[in-house]
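Take a look at the structure below.
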Amino acid sequence: MTTAPTRPPGTAEHTVSAVPSRLGALLRLRELPVTVALIALVTITTVVNPLFLSPQGVKDLLLNATIVIILAAGQALVIITRNVDLSVGSVLGLVAFGTGTLFVTVPGIPIVVVFLVGMLLGALLGAINGLLVTVAKVPALVITLGTLYIYRGLNNAWAGGTQYFAGDRPDAFGALSVDTVLGFPLITLIAIVVVVIVAVYLAGTRAGRDLYAIGSDPDAAKLFGIPVSRRVFLAFLTNGVLAGLAGVLYASRFNSVGATTGSGLELAVVAAAVVGGVAIFGGSGSVVGAAMGALLLTTITSALTALRVDKFWQEAIVGVLILSAIIIDRIASVRTARKLRISEARNV
Amino acid sequence: MQTESLHAGDGPPRPRLALSGAVKAFGPVVALADGNIDILPGEIHALVGENGAGKSTLVKILAGLYRLDAGEFHVGGQSVSFRSVADSKAAGISVIYQEPTLFPDLTVAENIFIGRQPKGRLGLISRAAMRQAARDLFDQLGVRIDPNRVAEGLSIADQQIIEIAKAISQGATVLVMDEPTAALSGVEVERLFQVARNLRAQSAGILFISHRFDEVFALCDRITVMRDGRYIATHVTSTVTVDAIVHEMVGRDVGALFPKVVAPVGDTVLSVKGLGRAGVFADVTFDVRAGEVVALAGLVGAGRTEVARAVFGIDPYDRGTVEFAGTRLRPHSPKAAIDAGMGFVPEDRRKQGLVMNLSVGRNTALTLRDRVARFGIINGRAERAAAVEWSRRLQVKTTSQEYAVSTLSGGNQQKVVLAKWLATDPKFLIVDEPTRGIDVGTKSEVHRLISDLANRGIAILMISSELPEVLGMADRVIVMHEGRITAELSRAEATPESIMHAATASLERAQ
Amino acid sequence: AVALLAGCASDTGTNTGTDSGAGGGTDGDLSITFIPKQLNNPYTDVVLGGGESGSEEAGFAATEVVGPLEASASSQVSFINAETQAGTSVIVIAANDPDAVGPALEEARAGGAKIVAFDSDTNPKYRDVFISQVVAKDVALIQVEVIAEQIGGSGEIAILSATANATNQNEWIKFMEEELASNPAYKDITLVAKVYGDDDDTKSFQEAQGLMQAYPNLKGIISPTTVGIAATGRYLSTSEYKGKVALTGLGLPNEMRPFVKDGTVTAFALWDPAQLGYVAAFAGKALADGTITGAEGDTFDAGELGEREVGADGIVIVGPPTVFDAANIDEYDF
Amino acid sequence: MSEPGSSTTRSSPVTPADKISSLDTRLIDTTKTLPTEPKGRTGAARILLGRDAIMIYLLLAFVLYASIAIPRFASPVTVGFLLLDVIPVLLIAMPMTLVIITGEIDLSVASIAGLTSALMGVLWESGLDIGVVLAISLFAGVVAGAFNGFLIAVAGLPSLAVTIGTLALYRGLALVVIGDNAVANFPPGLTAFFTSKIGATGIPTVMIGVVVVALFFGVLLHLTPFGRGLYAIGFSKEAATFVGIRVSRAKFWLYVGTGSVSALAGIYWTLRYSSARSDNASGLELTVIAAVLLGGVSIFGGTGSIPGVIAGVLLIGTINFSLRLERISDVVLIMVTGSLLIASVVAPSVFEALQRWRHGRRMHKTLPQVPASGATSATAPGVQERK
Ligand SMILES: Nc1ncnc2c1ncn2[C@@H]1O[C@H](COP(=O)(O)OP(=O)(O)OP(=O)(O)O)[C@@H](O)[C@H]1O
Ligand SMILES: Nc1ncnc2c1ncn2[C@@H]1O[C@H](COP(=O)(O)OP(=O)(O)OP(=O)(O)O)[C@@H](O)[C@H]1O
Ligand SMILES: [Mg+2]
Ligand SMILES: [Mg+2]
């Protein structure tokens with residue numbers, strides 16, 4: 001063998017183009033498209049209908065998004081590990097009905113206790129998902145499709161025709177979704193705190209980074225010694241807690257809770273995460289993106305109404321929006337890949 | 001210096017790690033029947049054996065990935081029973097697996113430090129510190145890879161380098177490397193050796209697995225031989241010869257490794273003219289004739305695989321033509337290539353060569369889908385018969401055709417790949433690193449096979465990073481460097497010097 | 001009527017198979033099955049409560065309640081099929097879609113079953129009689145009247161309905177539109193929008209909210225569906241529009257009580273849902289006995305509600321709507 | 001090809017020429033001998049013990065149980081009602097099986113059925129001939145499927161995300177097309193045909209068409225080169241490409257398949273219920289996927305079969321109808337469906353774990369001797385062999 005030249009051929013140019021400009025880094029953010037779309041949407045709608053950004057309008061927008069934001073944050077956590085949780089709508093329903101029941105059966109129960117019980121119930125349901133996925137090692141899509149049905153069935157069996165109404169709950173509880181601080185409704189502030197905590201966990205802790213590694217290549221993660229089962233279980237558990245929190249907040253915000261509360265929410269939540277740039281096969285994306293996705297999807301409904309767009313068009317437009325989000329993300333990643341190829345290409 | 005550290009002091013040094021009587025079975029398959037190894041501080045210990053001898057299984061036991069069915073395992077004199085990879089890591093064992101374990105979505109730096117990221121303010125991960133640490137590591141290894149880049153799309157060689165960086169950065173007292181050099185070229189191998197010797201000087205124990213004897217003898221202090229899942233013997237390197245080791249591995253004598261018979265050369269089968277793909281390769285022109293073995297040589301990353309992929313239609317190309325048996329081949333269509341009579345044994349067996357979860361039989365018959373069908377309906381019996389027949393001809397070692405091909409050892413997997421292409425009766429076969437990760441016995445079989453195929457009029461394009469293989473097998477050698485052909489050498493002209501010159505030198509033609 | 005109203009409301013079991021051979025029936029093996037639009041719906045539960053006590057009084061040997069969990073057009077068909085196969089004598093159905101249940105009902109009739117539609121009609125050719133809450137026009141007019149009064153006779157109003165294809169709601173809306181257009185007293189009122197909350201709490205809530213944004217000058221909302229009016233009430237009571245935008249429609253007193261008390265809603269209307277089920281059971285009995293055929297002018301005894309007459313198109317009217325307001329709402333419990 | 005029936009291992013039907021077959025003699029004597037090829041499970045045993053077979057036994061057992069335990073169950077009327085109910089799921093499950101085997105998914109199927117239904121309503125009301133209406137509606141399904149196929153196969157977007165998007169888009173288009181109208185006045189002869197039965201068997205006449213569809217996809221998957229390719233794609237796209245399987249093209253056509261069959265299901269739905277509405281078949285996608293997964297198809301791709309899926313669909317349908325006959329609430333049905341789904345994936349892995357555990361115990365029981373023999377060579381492996 002010939003003696004080594006100072007550096008291997010072919011790796012010479014790598015570092016030169018590698019110092020990224022701040023702008024470049026900003027443009028590569030996966031959250032960018034959804035943010036731009038959101039700003040554009042709000043701007044256009046406000047120009048046409050100034051009432052859209054009235055204090056009440058803003059409050060409504062935030063309130064509408066709050067519950068989906070919390071669900072999307074939890075879902076992002078799960079999707080990043082290359083799993084998915086379709087049972088969130090059912091979990092939310094069960095917890096929301098449980099909240100209603102608590103207030104009625106235990107008069108004068110402190111609101112904090114209700115929150116804790118709701119999140120605990122969510123944690124339990126999430127833990128069941130997590131256990132089935134990690135211990136039995138079966139695909140999450142199947143398991144959570146199963147628990148979607150089972151939890152919904154439990155909700156139906158428990159609630160029957162009973163519904164609890166806003167009037168059954170203390171005013172202070174309902175006030176959480178009415179009162180504002182600096183224009184932000186209280187429950188929205190809760191959602192923001194949740195997103196910040198989860199975001200910091202994902203970006204800044206070793207365990208959080210492990211989730212990305214697991215989603216990126218689960219087999220490699222196992223070989224590498226990352227406690228895959230424990231991390232994935234925790235992701236499901238956390239998602240359950242957040243779905244539980246969302247369930248309690250649902251009961252605060254909306255009028256009635258009963259057997260069908262929250263049904264059909266699962267695909268909307270997954271869609272929010274996807275629109276926000278969370279890769280459906282795990283490994284990349286962020287909760288901030290997912291939260292933006294949730295905000296965008298809920299805002300579009302309000303915007304279309306405010307623009308007096310025929311309501312029959314709304315669902316179709318939501319569909320187009322989801323598709324555009326995926327396509328934009330794809331174009332962006334193809335461009336990055338191409339750039340990478342060009343920057344590392346041989347001079348031929 | 002190695003001998004010093006081995007024999008210095010009074011009495012034998014205590015092994016860093018010792019495994020004895022290890023047994024590991026997967027259902028009916030006993031992968032490891034009697035595994036023994038001890039690794040001393042400050043030694044590089046080679047583990048050799050045929051494909052399927054149980055080397056990787058032993059490695060995975062050391063890594064804590066598999067639990068022993070029976071046997072004893074001591075680390076630092078203490079009996080241990082690892083329950084997880086984390087236990088093994090905590091005990092100071094760091095492993096580079098045979099298959100790279102990078103996370104494609106994470107950056108290079110994060111891949112190295114995952115689970116041990118340096119922390120900054122508030123106990124959160126400091127990306128800057130992590131990047132800097134990665135740069136320092138790469139400087140130490142003498143390579144330049146952008147730590148900010150995602151791992152997705154890295155070449156196999158770069159991936160392997162990152163694996164090595166990852167392992168050494170863990171500061172382990174025992175470093176286990178399962179065929180780390182299989183994807184590396186001479187330069188990189190040499191650098192890896194340097195790193196290994198440095199670690200040895202710091203009295204780490206290293207277990208090194210390779211099928212290349214030149215490497216084993218150049219690097220290692222002791223050699224342990226395994227056969228059929230059993231421990232055979234351990235030798236101090238200076239006291240044995242290659243032939244003796246090979247004899248122990250195979251259980252018999254192995255004759256000439258490269259039984260090249262020069263076959264009569266026929267008409268041009270493949271004619272590539274001015275082929276180019278922006279940023280990848282340019283101006284590639286060559287012919288391959290019936291009965292001829294043409295080797296495509298060069299360093300890893302020279303673009304040989306890319307050319308082969310374009311010729312076979314996996315990738316598109318921007319310029320030039322590929323003519324097959326006189327007619328122009330439709331670009332970017334493997335099906336067209338196969339229909340015309342081409343076959344392609346790719347370099348990455350696990351990802352490209354085989355559908356790992358599919359059974360041995362189905363894999364073998366996968367290329368015959370259309371041929372075993374009549375009026376569009378597959379004749380299941382013919383399909384099975386063909387699979388059995390070709391497995392038999394290539395002596396694929398498997399208990400059942402129904403087993404997933406992933407349960408076979410590397411060499412047997414490679415035989416399945418070859419079987420599936422030979423079954424199509426190709427006129428032209430591309431073999432990309434056909435003996436990568438394959439033991440001596442099988443290797444010589446594969447060489448014999450290639451040579452025989454050529455004798456029977458099949459044109460062969462062989463890509464290989466092993467010079468002895470190129471020199472032994474090829475009728476003609478085409479050397480590539482940085483995406484261009486830098487030399488075309490006849491069998492007589494091809495020498496290690498002329499090839500290496502063309503492979504490393506720049507554009508002026510070496511002759 | 002009030003006695004029944006209060007009495008039945010507490011009895012809201014859904015899946016209870018009441019086996020009461022007693023009562024005044026002629027032959028003891030007649031069976032009746034109620035198929036509501038959807039199970040687990042509070043309004044439905046009140047209706048079914050009336051139905052069950054009616055069927056017991058009328059002398060049915062077996063009473064069943066079956067139905068889908070979600071109110072889609074086709075979801076009732078397989079329930080009808082199962083009843084056909086079970087040989088049920090009377091099927092009482094609130095159709096989610098007037099036509100989708102048609103072929104299945106015809107098969108049931110061919111098997112000898114009598115079909116009573118209630119609450120929401122099927123295509124008339126598929127049933128024997130339809131038990132209607134009230135005269136459709138009366139319901140429509142009451143709601144227009146209430147809203148007109150609350151907004152002072154002029155301004156923009158909107159309608160928030162259930163699903164876009166709900167038969168009964170659409171009929172009421174049609175009458176409302178006609179009345180607004182023809183009655184000079186309403187000439188200053190403009191109907192600016194019709195939106196649909198699909199009888200889903202969340203959706204209705206957001207539709208209400210959307211209306212506020214899209215129509216800043218909106219003075220009032222009519223929501224002729226119990227889910228819609230409650231959700232709208234909740235939105236208004238938690239927003240700055242409380243007390244500024246009037247709301248009326250059809251609602252359950254128990255659901256609407258807080259909104260009436262806090263001033264979001266002044267008045268709303270509804271008939272007695274329990275009576276609906278009650279009369280339907282007696283109509284079914286009369287059909288099964290052969291006392292009536294569903295022809296115009298047929299009369300039958302409806303227990304404590306006295307004698308009822310089948311009107312044009314086989315429609316039986318149960319009773320007038322009641323208007324609930326702060327003064328009387330506490331007298332009702334359903 | 002030469003005679004496929006010849007059973008001697010020597011002359012494979014695909015042995016192209018003797019030029020390679022003479023290699024084997026040389027190879028055999030150069031290296032160690034091959035262990036004799038054990039047969040594994042024979043064909044019959046494999047079929048009788050496979051995952052699909054279990055599903056079929058389960059179905060048969062349940063039908064038997066229902067016939068005995070549920071009055072009125074065992075009758076042609078049951079067959080008719082039951083089949084009429086499962087037909088849409090059964091139809092869509094066929095191409096869905098193929099899609100999931102390639103490792104993809106299609107969530108937009110129910111929306112395509114809804115869009116088809118809406119289109120039918122509008123076109124029929126506009127006075128077109130019913131034949132033309134059917135043709136256009138079917139074509140719409142083909143286009144909708146092709147659009148999915150384009151985005152997934154050609155543009156390479158993830159199918160789960162894409163079809164969540166088109167789930168909303170197609171349902172939205174259905175609303176745009178027909179709005180809140182419902183069209184009901186289809187030709188009575190035609191709607192009657194869709195609920196008619198074959199003689200006294202109770203089997204709906206349209207089942208003939210369904211059987212044709214099932215046969216088509218069954219043969220396509222199990223007996224054709226295309227089908228072989230699908231399994232390979234499901235496990236590894238890249239490896240499939242290397243053997244000349246046209247991955248994108250195959251996927252594209254599969255989505256055209258789900259699109260067109262969903263359109264058929266939409267047409268069936270419209271005419272069976274004689275009601276064209278925008279919300280027809282909504283929510284059906286999860287039912288179909290649940291049935292397919294219950295039928296033994298792996299969500300990761302690569303495994304599954306049409307007979308298994310048919311058994312899965314029929315099992316859920318039968319349980320459903322039995323519960324209806326017993327007047328047990330749908331609450332129970334959804335819980336049973338959920339539990340079955342989970343059991344169907346958890347059971348095999350529990351079984352496997354059990355086997356591993358038993359194996360482990362056996363190893364530990366039988367092995368004490370092995371280390372003893374190993375110990376001789378292992379006492380000091382480093383020293384002992386130094387010659
Ligand atoms: N000079 C270079 N600069 C940057 N990247 C390079 C260079 N040379 C090669 N690469 C990259 O390295 C990878 C490996 O290259 P390629 O597969 O062509 O190597 P090869 O000659 O086939 O070697 P082998 O088959 O031995 O791995 C490719 O992805 C290519 O883009
Ligand atoms: N997970 C498994 N299940 C079943 N059999 C296995 C498994 N892993 C390994 N084996 C079998 O165990 C034997 C030893 O395999 P191993 O990978 O240890 O060989 P090796 O010596 O590393 O070979 P190579 O040089 O080809 O890498 C082989 O026969 C292989 O087929
Ligand atoms: Mg190995
Ligand atoms: Mg290569």
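Chain A is the first sequence line, chain B the second, and so forth, proteins listed ahead of strands; every chain is numbered from 1.
- Just one of A:I322, A:V274, A:I280, A:L323 meets the side-chain contact (heavy atoms from CB on, under 4.5 Å) condition when paired with D:V162; it is A:L323.
- The two atoms that bring D:P158 and A:I326 nearest to each other are CD-CG2, 4.1 Å, heavy atoms only.
- The two residues D:F300 and A:P139 have their closest heavy-atom pair at CZ-CB, 3.5 Å.
- Using a 4.5 Å cut-off between heavy atoms, D:I178 makes no contact with chain A at all.
- Few gaps surround CH2 on A:W158; more than 12 heavy atoms of other groups in view lie less than 6.0 Å from it.
- For A:L145, the parts lying near chain D are the backbone and the side chain together; criterion is any non-hydrogen pair under 4.5 Å.
- When heavy atoms are compared at a cutoff of 4.5 Å, A:L154 approaches chain D by way of both its backbone and its side chain.
- A donor-acceptor contact shorter than 3.5 Å is absent between the side chain of D:R171 and the backbone of A:A316.
- Using a 4.5 Å cut-off between heavy atoms, A:Y151 makes no contact with chain D at all.
- Counting heavy-atom pairs closer than 4.5 Å to chain A, the top residue among D:I299, D:L107, D:V350 is D:I299.
- Using a 4.5 Å cut-off between heavy atoms, A:I143 contacts chain D through both its backbone and its side chain.
- Of the two parts of D:L340, neither the backbone nor the side chain holds a non-hydrogen atom closer than 4.5 Å to a non-hydrogen atom of chain A.
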